[in-house]
Amino acid sequence: MTVRLYDTRSQALRELDPVVPGRVGIYVCGPTVQSSPHIGHLRSALSYDVMRRWLAHSGLAVTLIRNVTDIDDKILDAAPKAGSEWWAHAYRVELEFAAAYRALGIQEPTYEPRATGHIGEMIALIGRLVEAGHAYPAEDGSGDVWFDVASWPDYGVLTRQTGDDFVAGDGEGRAKRSPRDFALWKGRKAEEPESASWPSPWGAGRPGWHIECSAMAERYLGSEFDVHGGGLDLRFPHHENELAQSTSAGSPFARLWVHNGLVTVAGQKMSKSLGNSVFAADLLGAARPVVVRYALEAAHYRSDLDHSAGSLVEAEEAVARIERFVERAVDAGAPPAPAIVPPAFAAAMDDDLGVPQALAVLHDTIRRGNQAIDAGELQAAGEALGAVRAMVGVLGIDPADPAWSAGVQDDGSREALGALVERLIEERQEARRARDFAAADRVRDELAAAGIALTDTGDGTRWSIDGR
RNA sequence: GGUGGGGUGGCCGAGAGGCGAGGCAACGGCCUGCAAAGCCGUGUACGCGGGUUCGAAUCCCGUCCCCACCUCCA
């Protein structure tokens, strides 16, 4: 069974054919730690989390590298406004990202390199480019080093931005040969903090944005690796420039380029000017992490995902349905069966990570499992339960995953509450046995008012808080 | 202007020439003391206009609209 992924460069579904059989190396552009994580960052990280989980499930040894850009114009810009040193600001934001990722059950990457930890690799790579005639130090004494786009005929192959149809990049008016040339190294400016510069053969300065990914991908994954991922908005110029740098320096670089779709909010692009940004904290305050995760996985990773208040409500219902089935099957005494993913699920995932179709298989399996429980066919119910557990594991939405309760402090209050609720349930049962339904309903209403729902089942009454 | 991606039922969201993915919501039924849950059933969906075909949401032509990137962005 082979996995196919949509490759941006060839604009086609391509078979994942690992450089090293049995292993797969993935490089994903992580965040520039300038401000708090938002829904788009989470969606992106989640896309590659699902990818790595599926590849690992398929028996591949996955090496996932997701970088942190912790030195950059925007960080230098944001830090003073936050009243911090740039490095303190970057680190604080990085910790916010880590917390949000953890909350959503996004598995830790194999390694998470920081740009500032790889200045040496970047300088070495820039040196290779200068030597090969693909880069040049500026002649204005600025200490800048530019990539010479004209020296690399393949420039633009990733996004077909050939010719001169596009607008000049950054560094307008600087001493570069062509407006299309981009910065590999930025000489230190007088007003910039000394702590934000490193010595180099071209003078003190700091790296340009794109060079870090080329340098770190090569260091951890080798000069040729399997998948390079990131948000759709990074295709140009970021990924185009990475590709140009690495290939012109003699590295084959990524075999497949994967780009995840962006998130809109109520149909609009999220932007600071519109003030409609949805931050990780907003989401996690509005719904359980597993629900947020489900909501962000519900659309195919390459589609736009529109977020609205309703999407979390819907996801909550869907997740609750999964949870109820698992609980029901266990309560019914369904015998354990191996956790095997159904063939239709595997086929959907193999086909460019078709999570929406995979979810359809999951829900089908749940319906069939419920039918089996209703019919008393415990063997079949157990098999459905095993399949559901396997699928839910791959998608990272297993309700039983300890990750969801990792951050929850349990001081015993849940058990204390349980004891009280059980007493009230017993009271209600006695009323029901006496056919005093008014009294029975009063108990149920009082509990409901406190946010506790009761459900009568074949063997006893279950309770839950807000449907959890 | 250049490059890429879209317009699917009340909503979300798959599919990409031929049995109406799936979820949510709604309605009817079974079950229940009543609910809830679960199950069963109910939808003349594919921007618009032409065309090809035995058959088109899917292909072709035309047309309208939306979005992203080309400047920092997941």
Side-chain angles (χ1 to χ4, degrees), chain A residues 8 11 28-32 34-35 37-48 69 72-74 77 156 158-172 180 209 229-240 259-264 267-272 294-295 298-300 302-308 310-311 313-322 324-325 327-328 344 348 354-364 366-375 431-432 435-438 440-441 444-445 448 453-458 461-462 464 467:
Chain A
T8 302
Q11 296 184 97
V28 177
C29 283
T32 297
Q34 51 167 328
S35 57
H38 58 60
I39 184 169
H41 295 118
L42 298 182
R43 202 255 177 129
S44 179
L46 219 35
S47 300
Y48 302 101
T69 299
D72 169 87
D73 291 352
K74 297 180 297 291
D77 199 46
L158 180 64
T159 56
R160 287 158 289 283
Q161 303 272 1
T162 50
D164 300 310
D165 292 322
F166 53 93
V167 185
D170 71 331
E172 188 84 54
R180 300 160 75 195
W209 177 31
L232 204 52
D233 51 352
L234 295 180
R235 278 179 311 177
F236 192 92
H238 186 52
H239 289 165
E240 193 71 73
H259 290 97
N260 62 275
L262 307 183
V263 178
T264 55
Q268 282 187 310
K269 183 191 176 176
M270 211 166 38
S271 76
K272 279 179 187 164
Y294 187 100
H300 183 89
R302 284 195 288 119
S303 301
D304 289 340
L305 173 71
D306 188 50
H307 176 75
S308 63
S311 40
V313 174
E314 240 190 58
E316 167 60 44
E317 287 307 317
V319 170
R321 182 173 157 81
I322 298 167
R324 279 186 228 111
F325 167 67
E327 193 171 47
R328 246 189 123 210
V355 172
Q357 289 169 90
L359 284 173
V361 175
L362 172 65
H363 281 101
D364 275 340
I366 287 172
R367 187 176 344 96
R368 278 188 282 103
N370 275 321
Q371 284 168 345
I373 294 170
D374 287 348
R432 290 178 77 203
R435 305 199 67 78
D436 181 359
F437 296 120
D441 288 348
R444 187 168 64 192
D445 292 345
L454 297 188
T455 304
D456 296 324
T457 71
T461 298
R462 309 199 59 82
S464 56

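- To the nearest 0.5 Å, the span separating CZ on A:Arg324 from CG on A:Asn370 amounts to 9.5 Å.
- Here the P atom of nucleotide B:C24 and the CD atom of A:Glu317 are 7 Å apart, to the nearest Å.
- Using a 4.0 Å heavy-atom cutoff across all strands shown, A:Arg43 reaches no nucleic acid atom at all.
- Nucleic acid contact class of A:Thr455 (heavy atoms, under 4.0 Å, all strands): base.
- When heavy atoms are screened at a 4.0 angstrom cut-off, A:Leu234 is found touching the sugar-phosphate backbone but no base atom.
- The shortest distance between the side-chain N/O atoms of A:Asn260 and the OP1/OP2 oxygens of B:A74 is not below 4.0 Å.
- Considering only side-chain N and O atoms, A:His363 lies nowhere under 4.0 angstrom from the phosphate OP1 or OP2 of B:G22.
- Note on A:Asn370: only backbone sugar-phosphate atoms sit closer than 4.0 angstrom, heavy atoms only; bases stay farther off.
- Between A:Asp374 atom CG and B:C40 atom P there is a gap of 9 Å when expressed in whole angstrom units.
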Applying side-chain contact (heavy atoms from CB on, under 4.5 Å), run through A:Phe325 and A:Ile373 and close with a yes or a no. CA-CA 9 Å; A:Phe325 167 67; A:Ile373 294 170; 3.9 Å; yes
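- Between A:His239 and A:His259, the angle of the ring planes lies from 30° to 60°, which puts this pair in the tilted group.
- Within the nucleic acid shown, A:His300 comes within 4.0 Å of sugar-phosphate atoms alone, with no base atom in reach, counting heavy atoms only.
- Regarding contacts with the backbone of B:A74, every side-chain N or O of A:Ser47 stays at 4.0 angstrom or more from both OP1 and OP2.
- Counting any heavy atom pair closer than 4.0 Å across all strands shown, A:Gly230 reaches sugar-phosphate atoms only and no base atom.
- On the C1' atoms, B:C12 is 33 Å away from B:C34, given to the nearest whole Å.
- Taking side-chain N and O atoms only, A:Arg160 has a distance below 4.0 Å to OP1 or OP2 of B:G4.
- Secondary-structure annotation of RNA chain B gives the stems B:1-7 with B:64-70, B:10-12 with B:22-24, B:26-30 with B:38-42, B:47-51 with B:59-63, with a stem taken as at least 3 successive Watson-Crick or G-U pairs whose two distances both fall under 3.5 Å.
- Comparing the C1' positions of B:C46 and B:C40 gives an interatomic distance of 28 Å, to the nearest angstrom.
- Residue A:Asp364 is in sugar-phosphate contact alone, with no base atom involved, counting any heavy-atom pair closer than 4.0 Å across all strands shown.
- Between A:Asp374 and A:Arg328 a salt bridge is recorded (basic side-chain N to carboxylate O distance below 4.0 Å).
- In summary, A:Asp456 and A:Arg432 engage in a salt bridge, as defined by a charged side-chain N under 4.0 Å from a carboxylate O.
- B:A21 and B:C64 have their P atoms separated by 32 Å, given to the nearest Å.
- The side chain of A:Gln371 places an N or O atom within less than 4.0 Å of a non-bridging phosphate oxygen (OP1 or OP2) of B:C40.
- Of all heavy-atom pairs spanning A:Ala440 and A:Ala431, the tightest one is N-CB, 3.8 Å.
- Nearer to the 5' terminus of RNA chain B, by closest-nucleotide assignment, is the contact made by A:Tyr294 (compared with the other of A:Tyr294 and A:Ser44).
- Remark: the A:Asp304 side chain and the A:Thr264 side chain contain no N/O donor-acceptor pair separated by less than 3.5 Å.
- If you take atom P in B:C11 and the same atom in B:G5, they sit 26 Å apart, rounded to whole Å.
- With contacts defined as side-chain heavy-atom distances shorter than 4.5 Å, the pair A:Leu232/A:Asn260 does not qualify.
- Donor-acceptor pairing under 3.5 Å, judged by distance alone, is absent between the side chain of A:Arg367 and the base of B:C39.
- Checking the phosphate oxygens (OP1, OP2) of B:G38, a side-chain nitrogen or oxygen of A:Arg324 falls inside 4.0 Å.
- Counting any heavy atom pair closer than 4.0 Å across all strands shown, A:Gly231 reaches sugar-phosphate atoms only and no base atom.
- Across the interface with RNA chain B, nearest-nucleotide mapping of A:Asp441 and A:Leu305 shows A:Leu305 to be the residue nearer the 5′ end.
- The base of B:G33 is paired with the side chain of A:Arg432 by a donor and an acceptor separated by under 3.5 Å.
- At a threshold of 4.0 angstrom between heavy atoms, the contacts of A:Val361 with the nucleic acid are absent.
- The separation between A:Glu314 atom CD and B:G23 atom P is 11 Å, rounded to whole Å.
- Comparing B:G43 with B:U3, their C1' atoms are spaced 40 Å from each other, to the whole Å.
- The nearest whole Å value for the distance from the CG atom in A:Leu359 to the P atom in B:A14 is 10 Å.
- Side-chain nitrogen and oxygen atoms of A:Arg180 include none within less than 4.0 Å of the OP1 or OP2 phosphate oxygen of B:G2.
- Taking atom P on both B:A26 and B:G62, the two are 45 Å apart, rounded to the nearest angstrom.
- A salt bridge between A:Asp441 and A:Arg444 is present, with a side-chain N of the basic residue lying under 4.0 Å from a carboxylate O of the acidic one.
- Straight-line distance from the CZ atom of A:Arg368 to the C1' atom of B:C40: 16 Å, rounded to whole Å.
- A donor-acceptor contact under 3.5 Å is not formed by the side chain of A:Asp304 with the base of B:G6.
- Atom CG in A:Leu305 sits 10.0 Å away from atom CG in A:Leu262 (nearest 0.5 Å).
- Comparing the same atom, P, in B:C66 and in B:G55 gives a spacing of 35 Å after rounding to whole Å.
- Rounded to whole angstrom, the span from the NE2 atom of A:His239 across to the C1' atom of B:C72 amounts to 14 Å.
- Here the P atom of nucleotide B:A35 and the CG atom of A:Asp456 are 12 Å apart, to the nearest Å.
- At B:C70, none of the side-chain N or O atoms of A:Arg235 fall inside 4.0 Å of OP1 or OP2 (strictly under the cut-off).
- The distance from atom CG of A:Asp233 to atom C1' of B:U71 is 12 Å, rounded to the nearest whole Å.
- Residue contacts shown for A:Leu454 include a base, since a base heavy atom lies under 4.0 Å away.
- Contact annotation: side chain of A:Arg444 to base of B:A35, donor-acceptor pair present below 3.5 Å.
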Run the salt bridge (Lys or Arg N to Asp or Glu O under 4.0 Å) test on A:Asp364 and A:Arg367 for me, step by step, so that the C-alpha distance in whole Å, both residues' side-chain angles and the decisive distance to 0.1 Å come before the verdict. CA-CA 5 Å; A:Asp364 275 340; A:Arg367 187 176 344 96; 3.0 Å; yes
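- In this structure, A:Ser303 reaches the sugar-phosphate backbone alone: every heavy-atom distance under 4.0 Å involves primed, P, OP1 or OP2 atoms, never a base.
- With P as the reference atom, B:G38 and B:U53 are 49 Å apart, rounded to whole Å.
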